[in-house]
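Below you'll find the structure, written out as structure tokens, and then a few comments.
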Amino acid sequence: MTISVGDKLPDVKLVKATAEGPEQVQASEYFAGKKVALFSVPGAFTPTCSAKHLPGFVEKAEELKAKGVDEIVGTAVNDAFVMGAWNQAAGSDDITMLADGNADFAEAVGLTMDGSGFGMGKRGQRFSMVVNDGVVEQLNVEAPGDFKVSSAEHMLGQL
């Protein structure tokens, strides 16, 4: 079942990419007490994800924060080292990367996709959500191959 507006995020482990190395975090603790703009991509360093999705959140970070967002989080079914390198390549200090290496988060929110046709295996779909104190306030899930409703620009219009 796909997560919906009003649902609490599932309490799964994610791995935060930090300068000191990977740090395991529990979703229930990590998302508690703050408003988070979360976006998910099928894979770090993939074309749309690197050319549009991440750069949009980097460019709009200050505007999102001005509208009450405490933190911007990117996630993908990649390991924390890849997520950290992707963030570094984007030149961003404004995005927190949470790796979902085993797709536990994507599965728990019901937003997986089969990327095996591209040699990518199980991945998270492209989506974004506004999470307030662990509860989903906005959910934007893309149709396969699209990049419209999960963008930072779209999210700004929702805040």
Side-chain angles (χ1 to χ4, degrees), residues 2-5 7-46 48-62 64-65 68-113 115 120-142 147 149-152 154-155 158-159:
T2 303
I3 198 163
S4 299
V5 170
D7 290 348
K8 195 159 191 67
L9 284 181
D11 191 22
V12 297
K13 284 188 180 156
L14 294 157
V15 182
K16 182 178 178 181
T18 73
E20 294 78 36
E23 174 189 320
Q24 286 199 357
V25 297
Q26 198 67 35
S28 62
E29 296 168 16
Y30 194 81
F31 290 94
K34 56 187 165 185
K35 189 172 212 169
V36 177
L38 177 119
F39 67 97
S40 170
V41 298
F45 292 108
T46 57
T48 301
C49 306
S50 288
K52 296 179 183 175
H53 214 159
L54 175 58
F57 279 91
V58 171
E59 291 167 14
K60 301 293 184 185
E62 291 308 314
L64 288 163
K65 290 178 181 178
V69 169
D70 298 306
E71 187 171 0
I72 303 166
V73 171
T75 187
V77 180
N78 288 112
D79 63 66
F81 297 106
V82 169
M83 296 299 286
W86 188 43
N87 204 25
Q88 187 175 26
S92 174
D93 292 329
D94 293 311
I95 312 296
T96 300
M97 292 296 182
L98 295 181
D100 185 23
N102 295 324
D104 294 338
F105 181 75
E107 283 182 347
V109 296
L111 291 169
T112 60
M113 61 170 264
M120 296 171 68
K122 185 188 299 183
R123 294 291 174 140
Q125 292 181 39
R126 185 179 307 283
F127 65 87
S128 69
M129 58 175 73
V130 176
V131 180
N132 194 358
D133 195 23
V135 176
V136 179
E137 286 188 340
Q138 298 286 339
L139 177 63
N140 310 297
V141 181
E142 296 288 359
F147 176 65
V149 299
S150 65
S151 69
H154 183 82
M155 185 177 283
Q158 296 177 311
L159 294 170

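Counting begins at 1 with the first residue of the sequence.
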Minimal non-hydrogen separation, [X] against [Y], with atom names:
X: Leu111; Y: Thr2; value: CD2-CG2, 3.6 Å
X: Gly74; Y: Met83; value: O-CE, 3.9 Å
X: Val141; Y: Val149; value: O-CG2, 3.6 Å
X: Gly56; Y: Ala152; value: O-CB, 3.4 Å
X: Ala99; Y: Ala80; value: CB-N, 3.4 Å

Main-chain N/O of [Y] paired to [X] side chain as donor or acceptor, under 3.5 Å:
X: Asp100; Y: Asp104; result: yes
X: Ser40; Y: Gln125; result: yes
X: Ser4; Y: Asp7; result: no

**Message:** Within the supplied structure, the quantity of interest is the number of heavy atoms (other residues, nucleotides, ligands) at a distance under 6.0 Å from Gln88 CD; does it exceed 12?
**Reply:** no
Here the salt bridge (charged side-chain N to carboxylate O under 4.0 Å, His left out) pairs for residues 69-80, sequence neighbours left out, are Lys34-Glu71
Q. Run the side chain to side chain contact (heavy atoms under 4.5 Å, CB included) check on Ile95 and Val73 step by step: do they pass?
A. CA-CA 6 Å; Ile95 312 296; Val73 171; over 6 Å; no
Side chains of [X] and [Y] in contact at under 4.5 Å (non-hydrogen atoms):
X: Leu98; Y: Val25; result: yes
X: Phe105; Y: Val77; result: no
X: Asp11; Y: Phe31; result: no
X: Asp94; Y: Lys65; result: yes
X: Val131; Y: Tyr30; result: no
X: Val69; Y: Leu159; result: yes
X: Leu9; Y: Val136; result: yes

### Task
Before giving the answer on side chain to side chain contact (heavy atoms under 4.5 Å, CB included), spell out for Glu137 and Val5 the whole-Å C-alpha distance, their side-chain angles and the decisive distance to 0.1 Å.
CA-CA 5 Å; Glu137 286 188 340; Val5 170; 5.7 Å; no
To the nearest 0.5 Å, atom OG of Ser150 lies from atom CZ of Arg126 at 6.0 Å
CE of Met97 to CG of Asn87, rounded to nearest 0.5 Å, is 4.0 Å
Point to revise | Between Asn102 and Glu107, a side-chain donor and acceptor under 3.5 Å | key: no
Q: Classify the side-chain pair Ser128/Asn140 by whether it contains a donor and acceptor separated by less than 3.5 Å.
A: yes
Ignoring hydrogens and angles, write down the donor-acceptor pairs under 3.5 Å from the side chains of residues 13-23, residues two or more places apart or on other chains.
| from | atom 1 | to | atom 2 | distance (Å) |
| --- | --- | --- | --- | --- |
| Thr18 | OG1 | Glu20 | N | 3.2 |
| Thr18 | OG1 | Gly21 | N | 3.1 |
| Thr18 | OG1 | Gly21 | O | 2.4 |

Walk me through whether Lys35 and Val130 qualify under side chain to side chain contact (heavy atoms under 4.5 Å, CB included). CA-CA 7 Å; Lys35 189 172 212 169; Val130 176; 3.8 Å; yes
Point to revise | Ring-ring centroid check Phe39 Phe127, cutoff 6.0 Å | key: no
